[in-house]
A.B. asks: 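Before anything else, here's the structure in question.
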Amino acid sequence: MIRTHPAGSLRTSQEGETVTLTGWVARRREHGGVAFIDLRDASGVVQVVVRDAAAAHGLRPECCVAVIGTVRVRPAGNENPALATGQVEVEAGEVRVLSESAALPFPVEDAPASAAVNEETRLRYRYLDLRRAPMAANLRLRSEANRIARAVMAEHGFVEVETPDLTRSTPEGARDFLVPVRLAPGQWYALPQSPQLFKQLLMVAGFEQYYQLARCFRDEDFRADRQPEFTQLDIEMSFVTADDVIALGEEVIARLWSELRGVSLPRPIPRITYAEAMARYGSDKPDLRYAVELTDLTASFAGTAIRVFAAPDGVTDWHVGGVVMAGGGGQSRRELDAWGQWARSRGAGGLAYVLVGADGELTGPLARNLSEGERHGLLAATGAAPGDAVLLAAGRRAGTQGLLGAARVEIARRTGLVDPDDWAFVWVVDAPMFEESADGGWTAVHHPFTSPTDAWAETFHQHPDQALARAYDIVCNGSEIGGGSIRIHRREMQQRVFDVIGLSSEEATSKFGFLLEAFAYGPPPHGGIALGWDRTVALLAGADSIRDVIAFPKTASGSDPLTGAPTPITAAQRREAGIDAAPRTPPTS
RNA sequence: GGUCCCGUGGAGCAGCUUGGAGUGCUCGCCACCCUGUCAAGGUGGAGGCCGCGGGUUCGAAUCCCGUCGGGACCGCCA
């Protein structure tokens, strides 16, 4: 090392020692005959005193320097308690500029008032953005999270196995990223959407306990919490029940929050069924930091004269529901009407409201059309108090609950019900196995290898609308941070799932044949979980976006302002890659 | 595929509703002054295709259309 000490490590015990430090000029304060340099390296910051004015003047912000000097205790009254090294300073003998820095595109050492910088600019100069304290802290936190996860896995005897990034396309679920194959023109690899099939093969292979911090790739549109490539803590275990996997998932999460946030999570983490989560919170990832719940008013409005609340003929899952906005009666007419606009912007028909007056009388555009029974039922069911507003929606059950659930989140946000220091974890269990697909058939909610619950093991194929899966999602503060299931290991049961989702045995063989073949050789009962590592770390870091816990993320259009990727390729690259080669065999679909 | 927001010296904003000289704020940058600061302070200075293209107008940062880029949301994400 060309330095003798990390800058952030110096203390009064080193007084008098001659040290060589290396790092970056964070700040410079010139006073004519004396200048103070805040020297930053990965360990922290220490103040360097430079008495050679000419030497100090050349030290531009963020240039890289070496300082040879003597550690001094600061003169009385000049200590800086805000710095870990604030009791000492380094009297510079020699300051060597190792490399200059051009004028900065944005401040690296933030003054508090100027912390916000356009994210595109930050990504363009990500190496400078990562010098900034919050981002540096986030990546170090992520590294610690990785270490903790590996420690927990090691303690339980898990085997870390790497799986391929170049694999075959399995055209279910998300769109694949495709990679042309030079040696076989017309053939394509796909990047894995997850190591799902490989980890099941590793169970067949007898490893029993596998994990991996796995990179996954999905060619879908972006959100604040999505990237085209992302990381999962991927886990699979043999001879386990759902409780075993859940217990392990809890241990990982509890250790992360304990060691990185100093938060002791209540164990076991509570569980809620999917049906209950939808009924009470209108979401399969409910934010339980606040208590607002939805109310089912379907029975109260069964014979309603209000047309929009009446079930059309033939709709069997009609639902009328409400959610109370405490104090919402104080909203202006304009604000109340804005809820309808808010609902329509989410693709819903609208959102009605009634207000509860001081005497419990109901007002609002709908109020006069409510029957006495409806008024009474509404008040009794919702528990709305004078001064409250009740937002009402009607429609098919899932969509209506979802809309009211979104309204619940919005109510909490607008009325300040969210405690940002709170952590509310919950397992959502007993999810449906299937959901209706756009073409009227059935599709697997989780994936087609998810086992039904014991109660549905023999009959799920007869009632795909009701069958429940041995699946579990872990939710934190309204974000799904992981999920998994017990898998199917019986060929006969797997075939029934394929039958339900309309996958012929030819298609199944073509898509998953290698897995089904492996399952002919004594597959163990197994199950697993994958934790969305970017979201998990973002929660730990208090970051608004997973981009803030990824070193080099992409923008919402999939570009990287730093490297300029993606780029066109040359004609020669195009020829060599075999992109335009005709397929050897006709595509299957 | 759809909806909405943003784009103004290097950074962050205001100006736009109601068109009238590139006007303003905070920070940074450059020069000089300054021997105990730590978001140092002081004086002076430089720096602009108001994202881009078109339209309306005597006149456009401002109004209209299109486009590009960024962000958020719906759809999508087994």
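Just so we're on the same page: letters track the sequence lines, and every chain starts at 1.
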A.B. asks: Counting only Watson-Crick pairs (N1-N3 plus N6-O4 or O6-N4) and G-U wobbles (N1-O2, O6-N3), all under 3.5 Å, who is the partner of B/rG12?
C.D. replies: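 B/rG12 is paired, partner B/rC25.
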A.B. asks: Rounded to whole angstrom units, what separation is found between the CZ atom of A/R122 and the C1' atom of B/rG12?
C.D. replies: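 In whole Å, B/rG12 C1' and A/R122 CZ are 13 Å from each other.
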A.B. asks: Any luck finding a side-chain donor-acceptor pair between A/T231 and A/R215 under 3.5 Å?
C.D. replies: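 Per modelled atom types, A/T231 and A/R215 side chains form a pair under 3.5 Å.
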A.B. asks: Rounding to a whole Å, what distance do you find between A/D129:CG and B/rA11:C1'?
C.D. replies: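 From A/D129 CG to B/rA11 C1': 13 Å.
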A.B. asks: Identify the nucleotide, in any strand shown, that forms a Watson-Crick or G-U wobble pair with B/rA40, with both distances under 3.5 Å; if there is none, say none.
C.D. replies: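 In the structure as shown, B/rA40 has no Watson-Crick or wobble partner.
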A.B. asks: Please figure out whether A/T121 or A/L197 has its closest RNA chain B nucleotide nearer the 5' end.
C.D. replies: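 Per heavy-atom nearest nucleotide, the more 5' residue is A/T121.
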A.B. asks: Between A/E91 (CD) and B/rU35 (P), how many Å, whole number?
C.D. replies: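 Distance, rounded to whole Å: 16 Å.
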A.B. asks: Starting at atom CG of A/N78, determine the distance to atom C1' of B/rG36, rounded to an integer number of angstrom.
C.D. replies: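 From A/N78 CG to B/rG36 C1': 5 Å.
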A.B. asks: When both hydrogen-bonding distances must be under 3.5 Å and the geometry is Watson-Crick or G-U wobble, what is B/rU17 paired with, if anything?
C.D. replies: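 Answer to the pairing question: none, since B/rU17 forms no Watson-Crick or G-U pair.
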A.B. asks: What distance, rounded to whole Å, do you find between the two P atoms, one in B/rG44 and one in B/rC27?
C.D. replies: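 About 15 Å, rounded to a whole number of Å.
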A.B. asks: For nucleotides 40-43 of chain B, which of its nitrogen or oxygen atoms have a protein nitrogen or oxygen under 3.5 Å away, and what is each distance?
C.D. replies:
residue : atom : partner : partner atom : Å
B/rA40  : OP2  : A/R27   : NE           : 3.2
B/rA40  : OP2  : A/R29   : NH1          : 3.4
B/rA40  : N7   : A/E30   : O            : 3.4
B/rA40  : N6   : A/E30   : O            : 2.3
B/rA40  : N1   : A/H31   : ND1          : 3.4

A.B. asks: Using the P atom as the reference point in each nucleotide, state the distance between B/rG54 and B/rU17 in Å, no decimals.
C.D. replies: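 These two P atoms come out 22 Å apart once rounded.
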A.B. asks: Do A/R218 and A/R226 make a side-chain contact, defined as non-hydrogen atoms from C-beta onward lying under 4.5 Å apart?
C.D. replies: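 Of all side-chain heavy-atom pairs linking A/R226 with A/R218, none is under 4.5 Å.
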A.B. asks: Could you check whether A/D499 and A/Q495, counting side-chain N and O atoms only, form a donor-acceptor pair closer than 3.5 Å?
C.D. replies: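 Note: A/Q495 and A/D499 side chains meet the donor-acceptor criterion.
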A.B. asks: Answer yes or no: is there a side-chain heavy-atom contact under 4.5 Å between A/R490 and A/R496?
C.D. replies: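 A/R490 vs A/R496: side chains touch.
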A.B. asks: Between B/rC33 and B/rC25, how far apart are the two P atoms, rounded to whole Å?
C.D. replies: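 So the two P atoms sit 27 Å from each other.
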A.B. asks: When the C1' atoms of B/rG19 and B/rC63 are considered, how many whole Å apart are they?
C.D. replies: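 Approximately 8 Å lies between the C1' atom of B/rG19 and that of B/rC63.
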A.B. asks: Applying the Watson-Crick and G-U wobble criteria at under 3.5 Å, what pairs with B/rG66? Answer none if nothing qualifies.
C.D. replies: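 B/rG66 is paired with B/rC52.
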A.B. asks: With a 4.5 Å cut-off on side-chain heavy atoms, are A/V549 and A/W533 touching?
C.D. replies: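 Result no, sub-4.5 Å side-chain heavy-atom pair not found.
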A.B. asks: Could you measure between the two C1' atoms, the one in B/rC16 and the one in B/rG7, and give it in whole Å?
C.D. replies: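 Their C1' atoms lie roughly 13 Å apart.
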A.B. asks: If you measure from the C1' atom in B/rU43 to the same atom in B/rC65, how many Å do you get, rounded?
C.D. replies: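 It comes out at 49 Å once rounded to the nearest Å.
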A.B. asks: Say you pick atom P in B/rC6 and the same atom in B/rG12; how far apart are they, in whole Å?
C.D. replies: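 About 16 Å, rounded to a whole number of Å.
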A.B. asks: On RNA chain B, check which nucleotide each of A/H57 and A/Q47 is closest to and give me the residue with the more 5' one.
C.D. replies: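 In this pair, the answer is A/H57.
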A.B. asks: If you restrict it to nitrogen or oxygen atoms, what contacts under 3.5 Å exist between nucleotides 70-75 of chain B and the protein, and what is each distance?
C.D. replies:
residue : atom : partner : partner atom : Å
B/rG70  : OP1  : A/T555  : OG1          : 2.9
B/rG70  : OP1  : A/S557  : OG           : 2.9
B/rG70  : OP1  : A/S559  : OG           : 2.9
B/rG70  : OP2  : A/S557  : OG           : 2.9
B/rG70  : O4'  : A/E120  : OE1          : 3.4
B/rG71  : OP1  : A/A556  : N            : 3.3
B/rG71  : OP2  : A/A556  : N            : 2.6
B/rG71  : O3'  : A/R547  : NH2          : 3.2
B/rA72  : OP1  : A/R547  : NH1          : 3.4
B/rA72  : OP1  : A/R547  : NH2          : 3.0
B/rC73  : OP2  : A/A224  : N            : 3.2
B/rC74  : OP2  : A/R223  : NE           : 2.8
B/rC74  : OP2  : A/R223  : NH2          : 3.0
B/rG75  : N7   : A/R223  : NH2          : 3.1
B/rG75  : O6   : A/R223  : NH1          : 3.0
B/rG75  : N1   : A/D221  : OD2          : 2.8
B/rG75  : N2   : A/D221  : OD2          : 3.1

A.B. asks: Name the orientation class of the two ring planes belonging to A/F512 and A/F498 (parallel below 30°, tilted from 30 to 60°, perpendicular beyond 60°).
C.D. replies: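 The arrangement is parallel - the two ring planes meet at less than 30°.
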A.B. asks: Would you call the rings of A/W339 and A/W342 parallel, tilted or perpendicular, where under 30° means parallel and over 60° means perpendicular?
C.D. replies: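 The rings of A/W339 and A/W342 stand perpendicular, inter-plane angle above 60°.
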A.B. asks: For B/rG75, give its Watson-Crick or G-U wobble partner with both distances under 3.5 Å, or none.
C.D. replies: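 Result: none.
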A.B. asks: Tell me the interatomic distance from A/E229, atom CD, to B/rC77, atom C1', rounded to whole angstroms.
C.D. replies: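 Checked: the CD to C1' distance equals 16 Å.
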A.B. asks: Under 4.0 Å between any heavy atoms, over every strand shown, what does A/Q227 touch: base, sugar-phosphate, or nothing? Just pick one.
C.D. replies: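 No contact at all - A/Q227 keeps every heavy atom at 4.0 Å or more from the nucleic acid.
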A.B. asks: Please name the nucleotide paired to B/rG59 by Watson-Crick or G-U wobble geometry with both distances under 3.5 Å, or report none.
C.D. replies: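 None - no nucleotide pairs with B/rG59, as no candidate has both distances under 3.5 Å.
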A.B. asks: Just the rounded figure in Å: distance from P of B/rA11 to CZ of A/R132.
C.D. replies: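 Atom CZ in A/R132 sits about 13 Å away from atom P in B/rA11.
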A.B. asks: Return each pair, listed once, that meets salt bridge (Lys or Arg N to Asp or Glu O under 4.0 Å) where at least one residue sits in residues 55-67 of chain A; pairs must be two or more places apart or across chains.
C.D. replies: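 Those involving residues 55-67 of chain A are A/R40-A/E62, A/E62-A/R131.
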A.B. asks: With a 4.5 Å cut-off on side-chain heavy atoms, are A/N118 and A/F106 touching?
C.D. replies: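 Not touching, per the 4.5 Å side-chain cut-off.
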A.B. asks: Report yes if some heavy atom in the side chain of A/R487 is under 4.5 Å from a heavy atom in the side chain of A/K199; otherwise report no.
C.D. replies: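 Sidechains of A/K199 and A/R487: in contact.
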A.B. asks: Are A/D165 and A/Y189 close enough that a side-chain donor and a side-chain acceptor fall under 3.5 Å?
C.D. replies: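 Short answer, no.
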A.B. asks: Counting distance alone, no hydrogens or angles: does the base of B/rC30 have a donor or acceptor under 3.5 Å from a partner atom on the side chain of A/R60?
C.D. replies: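 Donor-acceptor pair under 3.5 Å: no.
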A.B. asks: Answer with base, sugar-phosphate or nothing: what part of the nucleic acid does A/P105 contact at a heavy-atom distance below 4.0 Å?
C.D. replies: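 Here A/P105 touches the backbone only, sparing every base.
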A.B. asks: Distance between the C1' atoms of B/rC29 and B/rC76, in whole angstroms?
C.D. replies: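 B/rC29 and B/rC76 have their C1' atoms separated by 46 Å.
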A.B. asks: Touch check for A/E89, heavy atoms < 4.0 angstrom, all strands: base, sugar-phosphate only, or nothing?
C.D. replies: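 The residue A/E89 makes base contact.
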A.B. asks: Between A/Q87 and A/V73, is there a side-chain heavy-atom distance shorter than 4.5 Å?
C.D. replies: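 No, their side chains stay 4.5 Å or more apart.
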A.B. asks: Rounded off to whole Å, could you give me the CD-to-C1' distance for the A/Q193 and B/rC76 pair?
C.D. replies: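 Distance, rounded to whole Å: 13 Å.
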A.B. asks: Expressed in angstrom and rounded to an integer, what is the separation of A/I37 atom CD1 from B/rG36 atom C1'?
C.D. replies: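 Answer to the nearest Å: 14 Å.
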